[in-house]
Number of protein chains: 2
Amino acid sequence: MTSSSRIAIDAMGGDEGLAVMLAGVAQARRRFPAMEFLLVGDEAAIREGLKNHPNLTAASEVVHAPEVVAGNEKPSQAIRRAKTTSMGVAIDLVKQGRAGAAVSSGNTGALMAMAKLSLRTMPGIDRPALAALLPSLGDNDLVMLDLGANTECDTRNLVQFAVMGAAYARTALDLQAPRVSLLNIGTEDQKGTDQIREAANQLRTALHLPMQFSGFIEGDRLSRGEVDVVVCDGFSGNIALKTAEGTARFVADLLKQAFRSSARSKIGFLISRPATDLLRNHLDPNNHNGAVFLGLNGLVVKSHGGANEIGVANACGVAAKMVRDDLTRRITEDLANFEAEAA
Amino acid sequence: MTSSSRIAIDAMGGDEGLAVMLAGVAQARRRFPAMEFLLVGDEAAIREGLKNHPNLTAASEVVHAPEVVAGNEKPSQAIRRAKTTSMGVAIDLVKQGRAGAAVSSGNTGALMAMAKLSLRTMPGIDRPALAALLPSLGDNDLVMLDLGANTECDTRNLVQFAVMGAAYARTALDLQAPRVSLLNIGTEDQKGTDQIREAANQLRTALHLPMQFSGFIEGDRLSRGEVDVVVCDGFSGNIALKTAEGTARFVADLLKQAFRSSARSKIGFLISRPATDLLRNHLDPNNHNGAVFLGLNGLVVKSHGGANEIGVANACGVAAKMVRDDLTRRITEDLANFEAEAA
């Protein structure tokens, strides 16, 4: 097998433990039969866990790493232990070319720091960005980036994020020419900061890239399914993402309170259970799992810390698609085209 | 009557028309019997409308203004017509001291521009801020500012917003010492921009102000009821507010789809109707109506463009409380105390 069909898995990271990671990877293996997996972590524990998954055993190799990055560990501390942790070794397998991508449910800050240090940014990219999938009313999820890797961004960063985000959407969402917007506080040309306005000017001229630039989008339209990629600096992206998560939970909490408010409502709740389950299913982060660090010389997927088996399988699915489409090369080509056009 | 018991109403602004404005003001009059109203707009139409509200007629005066600011009118254009529009005249009544506050459901940008130009910023305040009330799981609403008046903010702006927001929360929410947080992308000291970290340092030293500084808050905790005032620059505040609105609508839309998905769910919906009505009621913007421009030499309340009678009454209630507590003087005193302490 070649590196292009192999994914390195940090089998020890995340809050749910090894058994859930292995079950998730086994599920991904059934969906992507051509993929093989390098399972990184405590060798004895992984071999024991694999006994439940003969199908996965046949398609995987165990790579021993004695240590685990803690969920609350400072990134600056974690990177010093990179070579002995399951997270660090999984990333290193990508660097060595033994795997096409790495997947971890561990500490986000540590994963970002290790990935940057080990893989370095791609030529021509100033800063990598964290992109994630959000639920929407449209036919597909929404790609949003940056979500916190870069607190402040200049025009060049935003334009590069747009190009990388579009390439990612083509792969993860199977779209030909994703609709890309910049997050702003109004849709008129004069709204927002100088950086955002200038990024919009530059993206409008990028006529031959496989994307459609759709101008500015406001926070209240994010989930309407009107665009496929939303680009912003890491500060406002993080605020928007977390506010959306918090508001969804808030509305769900209010709904629960309301359903408990009377006997009649409790009965209504039981009867309409399939409907509320449908809602829960649509919003479940496991069904939108798989954030990625874009702009590095290698692919790294961040799975939710609390991802269940389905969530882990989806994160592996994102990795498998990126490996299949050779996303890093795609981004390199798109950027070169964009710069040739702008010149 | 004195200006301190009088509120100027832009009777013509907003999407719902004069009848809804008058019905809302009449309701506010019943809640605040000591208040009187200057109703600004087309005199004949207002007099005709007042026939339905004898109670309001007795407590109001009509001030004629021949023109109306359009909902989509550019602020730069609207301010040229300030002296002839119902919005501009209502603000001017505050400037002249004939009213303690002005309330408008009209064009937000135009209202902001006219209010700034006519009332000017308070001594010592660099920039006014737009503050609004958001629903939460706590006992009271959340005050959030700035929501879009200032795209970029320095440390001094953020600190002043905190002082003004706390004063507003004491008045609008009847709190003794509101809990104030800065919106950030993490709660650790080193998170965020230099401006935010330095604002936190300064607020930590403000020990004698009638507020408790509670450090940083992330977007996902906004509606948990853990703080009373959230301070941010206008860009991220606008993104957070609109993302929260959009997500609440998104979840409601999904819920509707889900309830329609089967006959069983439809029945469940009908039975649990009181519960979903309770939810709708909690999230209804009319129940949290009344955004304010803080930091001007005079009080201006922005009511939602689509506010109904209850919404208008709530916006008038916010104005009445601010007038009663002499909010402008309160902010002046708090700022002087803060600066004396910092010196």
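What you see is a predicted model; the values in this text were computed from it and never measured. Sequence lines set the chain letters: A, B, ... in the order given, protein chains first and strands last, and positions in each chain run from 1.
- Among residue pairs with one or both ends in residues 228-238 of chain A, those qualifying as salt bridge (charged side-chain N to carboxylate O under 4.0 Å, His left out) are A/R179-A/D228; sequence neighbours excluded.
- In this structure, the portions of A/T193 lying under 4.5 Å from any heavy atom of chain B include both its backbone and its side chain.
- In terms of heavy atoms, A/E73 sits closest to A/N107 at O-ND2, 2.8 Å.
- Taking both residues in full, the closest heavy atoms of A/A110 and A/A78 are given as CB-CB, 3.7 Å, listed atom of the first, atom of the second, then distance.
- Between A/D141 and A/L173 the shortest side-chain heavy-atom distance falls below 4.5 Å.
- Considering all non-hydrogen atoms of both residues, A/I79 and A/A113 come closest at CG2-CB, 3.8 Å.
- Note: A/L183 leads A/L222, A/L183, A/I267 in heavy-atom pairs under 4.5 Å with chain B.
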With a 3.5 Å cut-off and sequence neighbours excluded, list the donor-acceptor pairs that the side chains of residues 239-246 of chain B form with protein atoms.
unit_1, atom_1, unit_2, atom_2, d
B/K242, NZ, A/E218, OE1, 2.1
B/T243, OG1, B/I239, O, 2.6

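- In terms of modelled atom types and a separation under 3.5 Å, the side chain of B/N150 and the main chain of B/C153 share no donor-acceptor contact.
- Between the side chain of A/T155 and the backbone N or O of A/Q195, at least one donor-acceptor pair lies under 3.5 Å.
- Among the candidates B/S262, B/S223, B/G148, B/S136, the residue making the largest number of heavy-atom pairs closer than 4.5 Å to chain A is B/S223.
- Closest approach of B/N184 and B/G192 over heavy atoms only: OD1-CA, 3.2 Å.
- B/N238 places no side-chain N or O within donor-acceptor distance of the main-chain N or O of B/F235, the cut-off being under 3.5 Å.
- Heavy-atom distances place the side chain of B/S261, and not its backbone, under 4.5 Å from chain A.
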Task: Derivation of the side-chain contact (heavy atoms from CB on, under 4.5 Å) call for A/C232 and A/M144 - done: CA-CA 8 Å; A/C232 50; A/M144 194 158 165; 4.1 Å; yes
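- The candidate with the highest count of non-hydrogen atom pairs below 4.5 Å against chain A, out of B/R260, B/K266, B/R224, B/R221, is B/R224.
- A salt bridge is absent between A/D189 and A/R197: the closest approach of a Lys/Arg side-chain nitrogen to an acidic carboxylate oxygen does not fall below 4.0 angstrom.
- Options A/R249, A/E188, A/E152 differ in how many heavy-atom pairs under 4.5 Å they form with chain B, and the most are formed by A/R249.
- Contacts with chain A (heavy atom to heavy atom, under 4.5 Å) involve these residues of residues 251-259 of chain B, listed by number: B/V251, B/D253, B/L254, B/L255, B/Q257, B/A258, B/F259.
- For residues 284-295 of chain A, an interface with chain B (any heavy-atom pair closer than 4.5 Å) does not exist.
- When the candidates A/G234, A/G237, A/P135 are compared by the number of heavy-atom contacts under 4.5 Å with chain B, A/P135 comes out ahead.
- Residue B/V231 forms a side chain to side chain contact (heavy atoms under 4.5 Å, CB included) with just one option from B/V143, B/L182, B/I196, and that option is B/L182.
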